[in-house]
Each structure stands twice: as structure tokens, then as C-alpha cells.
**Q** 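Okay, handing you the structure first.
Positions are given from 1 along the sequence.
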Amino acid sequence: MLGINEQRATFTTEKWLDKHEERVYIVDDLLSKHHFIGKTKEEIYELLGEPTETEYFKTENNIVYYLGDERGLIKIDSEWLVIYFHHNIVTKYSVKTD
């Protein structure tokens, strides 16, 4: 069973793009393997595709990806990956809950 969960939690660009419902489970693997700081917006798009069209957490200098229902027993909120840029370069990122 652990092997199945490990495979489910492993990030690949294909899985990120094709299985949106699994993003919340693979985001930790994504963030542990890919260092975003210093990457360009184009590099992020190449890795993660186009961001989610949403007003949640959206500002002029960031992009937002919907991850899915929050992890845990009680799934009231959603989780989001928010990536911030300065002059087209990633300066910080975080996983947020709405």
C-alpha cells in the first residue's frame, strides 16, 4: 500500500497537467525536487502549464495554481500554490488555504 501512495505522491509534469485532482498530493514532492526561486515565469509555465484562472490570492505579481480540497479529515477549504515574481523571476512561493 505504501508503494501505491508513494507513486500517487510523485510529481511529474504530465501528472500535474493531466490529473488535476492529484495536485494536492504531489505538491510536496514538486516543491522538494524543484527549486523555484530564481526561475523565470516561462520556466514555471514549462514545468506546470498555465496557471488557474481565479481571483483567489491573485495579485499583479503572482500566478496561482489550484491544488484541490485541503488535505486532512475535514475538507472544508481548498489548497493553492501561489508563486510570486519580481521582474519575471520567482522571489517566493507558498501553499495557501482559502
Side-chain angles (χ1 to χ4, degrees):
M1 191 68 166
L2 182 59
I4 292 171
N5 288 336
E6 284 179 25
Q7 183 179 9
R8 183 178 183 190
T10 301
F11 170 82
T12 65
T13 296
E14 294 77 24
K15 189 185 298 183
W16 181 269
L17 296 174
D18 296 339
K19 297 185 178 185
H20 291 205
E21 69 280 0
E22 293 188 18
R23 286 182 176 179
V24 74
Y25 302 110
I26 63 175
V27 69
D28 292 332
D29 189 56
L30 163 69
L31 297 177
S32 72
K33 291 181 178 173
H34 297 274
H35 303 285
F36 288 176
I37 303 298
K39 288 194 181 289
T40 66
K41 191 176 282 189
E42 290 75 24
E43 290 174 309
I44 297 298
Y45 285 169
E46 186 176 316
L47 182 66
L48 303 178
E50 291 292 321
T52 305
E53 290 188 31
T54 183
E55 293 301 315
Y56 280 108
F57 306 108
K58 187 70 186 105
T59 66
E60 183 179 321
N61 297 317
N62 74 9
I63 57 176
V64 180
Y65 292 91
Y66 176 70
L67 300 177
D69 293 339
E70 71 180 324
R71 294 167 270 191
L73 294 175
I74 301 173
K75 299 175 187 286
I76 297 172
D77 296 318
S78 300
E79 291 188 39
W80 306 81
L81 174 61
V82 184
I83 304 172
Y84 299 90
F85 296 89
H86 182 70
H87 296 295
N88 203 38
I89 303 296
V90 176
T91 58
K92 67 179 180 174
Y93 55 91
S94 62
V95 175
K96 296 187 176 278
T97 304
D98 64 4

**Q** Can you give me the closest heavy-atom contact between Thr97 and Glu79, atom names plus distance?
**A**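 Taking Thr97 first and Glu79 second, the nearest heavy atoms are OG1-CG, 4.0 Å.
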**Q** Please collect all side-chain hydrogen bond (donor to acceptor under 3.5 Å, both in side chains) contacts where either partner lies in residues 36-45, sequence neighbours excluded, each pair once.
**A**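 For residues 36-45, and leaving out neighbouring residues, the side-chain hydrogen bond (donor to acceptor under 3.5 Å, both in side chains) pairs sorted by first residue read Thr40-Glu43, Glu42-Asn88.
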**Q** Would Arg71 and Asp28 pass as an ion pair if we require N to O under 4.0 Å?
**A** yes
**Q** Look only at the side chain of Glu21 and the backbone of Gly68, and say whether a donor-acceptor pair between them is shorter than 3.5 Å.
**A** no
**Q** About how many Å separate CG of Asp18 and OG1 of Thr13, when rounded to the nearest 0.5 Å?
**A**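 So the OG1 of Thr13 and the CG of Asp18 are separated by 10.0 Å.
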**Q** For Leu48 and Arg23, what are the C-alpha separation, side-chain angles and deciding distance, and is it a side-chain contact (heavy atoms from CB on, under 4.5 Å)?
**A** CA-CA 11 Å; Leu48 303 178; Arg23 286 182 176 179; over 6 Å; no
**Q** Quick check: is Val82 connected to Ile44 through a chain of hydrophobic side chains (ILVMFWY, heavy atoms under 4.5 Å apart)?
**A**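 Ile44 does not cluster with Val82.
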**Q** Under a 3.5 Å distance rule, please check whether Asp29 uses its side chain to pair with a backbone N or O of Phe11 as donor and acceptor.
**A** yes
**Q** Look at the side chain of Tyr65 and the backbone N and O of Gly49, then say whether any donor-acceptor pair between them is shorter than 3.5 Å.
**A**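 A pair under 3.5 Å: yes.
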**Q** Quick check for you: to the nearest 0.5 Å, what is the distance between Asp98 atom CG and Phe57 atom CZ?
**A**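 The CZ atom of Phe57 is 5.5 Å from CG of Asp98, to the nearest 0.5 Å.
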**Q** Minimum heavy-atom separation for Leu67 and Val95, please, with both atom names.
**A** CD1-CG1, 3.9 Å
**Q** Membership question, hydrophobic clusters at under 4.5 Å side-chain separation (ILVMFWY): are Leu31 and Trp80 in the same one?
**A** no
**Q** Counting C-beta onward and ignoring hydrogens, is there a side-chain heavy-atom pair between Tyr84 and Asn62 closer than 4.5 Å?
**A** yes
**Q** So, do Lys33 and Thr10 sit near enough that their side-chain heavy atoms are less than 4.5 Å apart?
**A** yes
**Q** With a 3.5 Å distance limit and no angle check, can you tell me whether Thr52 reaches the backbone of Thr54 through a side-chain donor-acceptor pair?
**A** no
**Q** Give, for atom CG of Leu30 and atom CZ of Phe36, the distance between the pair rounded to the nearest 0.5 Å.
**A**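 Reported value, rounded in 0.5 Å steps: 4.0 Å.
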**Q** Under 4.5 Å between side-chain heavy atoms, hopping through other hydrophobics if needed: is there a path connecting Trp16 to Val24?
**A** yes
**Q** With the 4.5 Å side-chain cut-off for hydrophobic clustering, are Tyr25 and Leu47 part of the same group?
**A**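 Yes; Leu47 is reachable from Tyr25 via cluster members.
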**Q** Excluding sequence neighbours, so at least two apart, what forms salt bridge (Lys or Arg N to Asp or Glu O under 4.0 Å) with Asp77?
**A** none
**Q** Could you tell me whether the side chain of Glu70 reaches within less than 4.5 Å of the side chain of Ile76, counting heavy atoms only?
**A** yes
**Q** NE2 of His86 to NZ of Lys92: how many Å apart, nearest 0.5 Å?
**A** 12.5 Å
**Q** What's the shortest heavy-atom distance between Val90 and Tyr93, and which atoms?
**A** CG1-CD2, 4.4 Å
**Q** Locate the shortest heavy-atom distance separating Pro51 from Val64; write the atom from each residue and the value.
**A** CB-O, 3.4 Å
**Q** According to a 4.5 Å side-chain heavy-atom criterion applied to Ile, Leu, Val, Met, Phe, Trp and Tyr, with indirect links allowed, do Ile83 and Leu17 form part of one hydrophobic cluster?
**A** yes
